[in-house]
Number of protein chains: 2
Amino acid sequence: MKIGLDVLGGDFAPKATMHGAILARKELPESDQIVLIGDREVIHAFLREEKVDPGNFEIVDAPDLIEMDEQPTKALINKPNSSISVGFRLLKHKEIHAFAGAGSSGAMMVGAIYTVNTVQGIIRPATTAYIPKENGGTSVLIDVGTNPDAKPDVMYQFGILGSLFAEHVFHIKKPRVGLLNIGSEEKKGSLTVQSAFQLMKDSKDYHFVGNVEGRELFRDNVDVIVCDGFVGNIVLKQVEAMYRVMIKRGIRDSYLDRFNYENYGGTPILGINSTVLVGHGISNANAIRRMILMTKEVHEARLSQKIKHALERYSPNNM
Amino acid sequence: MKIGLDVLGGDFAPKATMHGAILARKELPESDQIVLIGDREVIHAFLREEKVDPGNFEIVDAPDLIEMDEQPTKALINKPNSSISVGFRLLKHKEIHAFAGAGSSGAMMVGAIYTVNTVQGIIRPATTAYIPKENGGTSVLIDVGTNPDAKPDVMYQFGILGSLFAEHVFHIKKPRVGLLNIGSEEKKGSLTVQSAFQLMKDSKDYHFVGNVEGRELFRDNVDVIVCDGFVGNIVLKQVEAMYRVMIKRGIRDSYLDRFNYENYGGTPILGINSTVLVGHGISNANAIRRMILMTKEVHEARLSQKIKHALERYSPNNM
């Protein structure tokens with residue numbers, strides 16, 4: 001397979017992205033190819049300096065950069081030669097099979113929606129995060145920022161997306177899907193969340209187990225935690241904040257180590273017709289390496305096809 | 001002053017509440033009185049066993065208990081002799097000056113609204129939590145569960161309530177009020193939060209400093225963090241969950257210690273015409289002791305009067 005990498009994306013690009021690509025290259029089988037998408041001259045100069053044979057990679061020139069604070073849609077239109085625009089063009093024309101980048105997550109989302117499109121029937125694609133459980137497992141938190149105003153039907157679909165992800169990438173059989181809420185009873189929470197509960201409670205699309213509270217976040221009560229993108233983003237950033245404080249205070253602990261974003265490197269945009277992974281803006285070389293390897297895992301799990309099949313069976317009227 | 005204590009409230013009542021009252025009694029000046037509200041026989045038996053002179057306390061008989069899962073309004077009507085009903089009756093008739101309890105927080109809120117009433121002009125009272133900052137300070141998080149569907153105008157008022165609390169109880173001059181959001185720009189976040197930002201940005205009622213993100217939660221960027229009760233409750237429970245995990249893993253750290261709820265014991269219901277403090281359901285004796293002492297602090301800060309005065313100056317049309 002061919003994995004496209006946005007060489008210009010991320011706070012420490014292109015050094016971290018190039019180093020990450022070189023590391024990942026060593027771990028991928030010969031049959032896989034990393035396609036470096038970015039300023040050709042910069043890429044070549046870097047490989048020369050690192051004494052790495054450019055023949056190890058495919059290189060596609062894309063000299064422009066979409067900045068983190070640019071309005072995504074405008075930036076994609078105005079900068080057709082940006083690494084993100086070029087990456088999605090390659091993905092659309094199947095010149096790469098998957099695309100990964102740690103640049104503007106807004107531009108990655110908009111690019112995905114406008115080139116490879118959302119899966120038929122999906123109202124809104126979503127982004128995820130991984131929450132380490134105390135007992136060693138991992139929960140999938142969905143959504144983490146793409147949909148701050150998710151409606152109940154959108155939240156219902158997050159259950160489908162998260163469940164398929166947990167099943168096919170984390171290999172959890174019959175994932176338990178929970179709804180993040182402020183109490184265990186079905187009449188608890190905001191009106192939106194109460195409505196989402198009503199849609200989810202008899203779901204035939206996944207195994208809904210009820211509400212999950214903030215205090216259960218690290219327990220093994222569920223495998224998928226559904227919430228709107230506003231709440232999910234706050235939860236995720238808070239987890240990261242606590243991790244950073246603990247590390248800064250010199251606390252070392254094997255459970256705490258699992259909160260290091262480098263372990264995963266990136267998370268997929270779920271609900272689109274291809275494999276697109278988004279990395280953390282602060283990604284270092286190891287995070288980029290993991291993001292590339294994770295991209296392969298998600299692609300080979302045929303996740304977008306599985307979501308497509310699930311959506312063919314899914315009927316909102318039967319919810 | 002007379003501080004009423006719900007002796008029956010909390011998972012470990014009446015043992016924890018009685019022990020807490022005995023501890024607090026030793027620290028309060030002679031002129032202050034703790035009024036024990038609960039089953040008179042149980043209270044007397046306990047004091048006898050502990051060899052404590054009943055003359056140290058005022059005792060008011062209230063043999064019934066409102067359970068945690070009872071519907072608050074119904075429970076208050078159906079159980080006029082419950083410790084919470086009796087407590088609010090005493091508060092309404094000024095036979096106590098403040099009321100504290102670790103029982104049903106829903107019943108405490110409903111009881112407060114229906115007996116002492118909300119301050120004129122306050123749309124919805126709110127509850128708070130304390131977030132320890134890395135540098136030693138404390139932020140006030142408001143709301144933490146009372147208003148899961150808070151509208152922008154309600155969130156605007158949380159700024160008033162939180163700011164006055166930070167100023168008069170935590171003695172922070174000109175508290176910095178932030179809006180919990182998923183980005184720093186004013187167009188970020190849910191539609192409700194975006195509207196709240198527009199109301200808050202030119203506030204003359206408090207010092208608004210803009211959005212605060214989940215990753216800044218433990219930093220010293222703001223003194224008051226405004227959010228709806230849904231988000232606030234998730235944040236609070238997540239903080240507690242992480243604290244418990246770390247303690248369980250044997251991690252000891254002076255910053256982490258500050259997350260122990262016992263340090264404060266209870267938080268006030270803000271926006272009502274009296275002083276009412278709500279404790280954590282799992283309160284032990286030390287937490288009850290701290291809640292009683294905190295009740296005195298909040299009462300002596302004349303917080304409800306200050307909120308009343310602020311609301312007289314406040315004009316929603318000038319926001």
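Values below: all heavy atoms of this structure, side chains included; hydrogens, waters and symmetry mates excluded. Just so it is clear, the structure is predicted and the values come from calculations on it, not from any experiment. Throughout, a chain's letter reflects where its sequence line sits, starting with A, and its residues are numbered from 1.
Between P148(B) and K188(A), the closest side-chain pair of non-hydrogen atoms is not below 4.5 Å. Side-chain contact between Y255(B) and M246(A) is present, with at least one heavy-atom pair separated by less than 4.5 Å.
A distance of 3.5 Å separates CG of D253(B) from CD1 of I251(A), quoted to the nearest 0.5 Å. With rounding to the nearest 0.5 Å, the separation of OG in S190(A) from CG in N147(B) is 12.5 Å.
For the pair K237(A) and I182(B), the tightest heavy-atom approach, listed with the atom from each and the gap, is NZ-O, 4.0 Å. Scanning all heavy atoms of the two residues, the minimum distance from V235(B) to Q238(A) falls at O-NE2, 3.1 Å. Scanning both residues, G214(A) and A241(B), for their nearest heavy atoms gives O-CB, 3.9 Å.
When heavy atoms are compared at a cutoff of 4.5 Å, F259(A) approaches chain B solely by way of its side chain, counted from C-beta outward. In this structure, chain B has heavy atoms under 4.5 Å from both the backbone and the side chain of N181(A). Proximity to chain B (any heavy atom under 4.5 Å) is shown, for L180(A), by both the backbone and the side chain. Looking at L191(A), both its backbone and its side chain come within 4.5 Å of chain B, counting heavy atoms on both sides. Contacts of V239(A) with chain B are made by both backbone and side-chain atoms, with heavy-atom separations under 4.5 Å.
With sequence neighbours left out, V110(A) forms a side-chain contact (heavy atoms from CB on, under 4.5 Å) with P72(A), T73(A), L76(A), Y114(A). Residues that satisfy the ring-ring contact (aromatic ring centres under 6.0 Å, His included) test with Y261(B), not counting sequence neighbours, are H280(B). Annotation: ring-ring contact (aromatic ring centres under 6.0 Å, His included) contacts of F230(B) (sequence neighbours excluded): none.
Within 6.0 Å of NZ on K201(B) lie more than 12 heavy atoms contributed by other residues, nucleotides or ligands.
Ranked by heavy-atom pairs under 4.5 Å with chain A, the list V193(B), N233(B), L217(B), D149(B) is led by D149(B). Listed options R219(B), R244(B), E216(B), E185(B) were ranked by heavy-atom pairs under 4.5 angstrom with chain A; first place goes to R244(B).
Between the side chain of E213(A) and the backbone N or O of I234(B) there is no donor-acceptor pair closer than 3.5 Å. With hydrogens and angles disregarded, no donor-acceptor distance shorter than 3.5 Å links the side chain of E240(A) to the backbone of R215(B).
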Before giving the answer on side-chain contact (heavy atoms from CB on, under 4.5 Å), spell out for R249(A) and L256(B) the whole-Å C-alpha distance, their side-chain angles and the decisive distance to 0.1 Å. CA-CA 10 Å; R249(A) 296 187 65 81; L256(B) 210 56; over 6 Å; no
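Contacts of residues 134-145 of chain A with chain B at a heavy-atom distance below 4.5 Å involve E134(A), G145(A), listed in sequence order.
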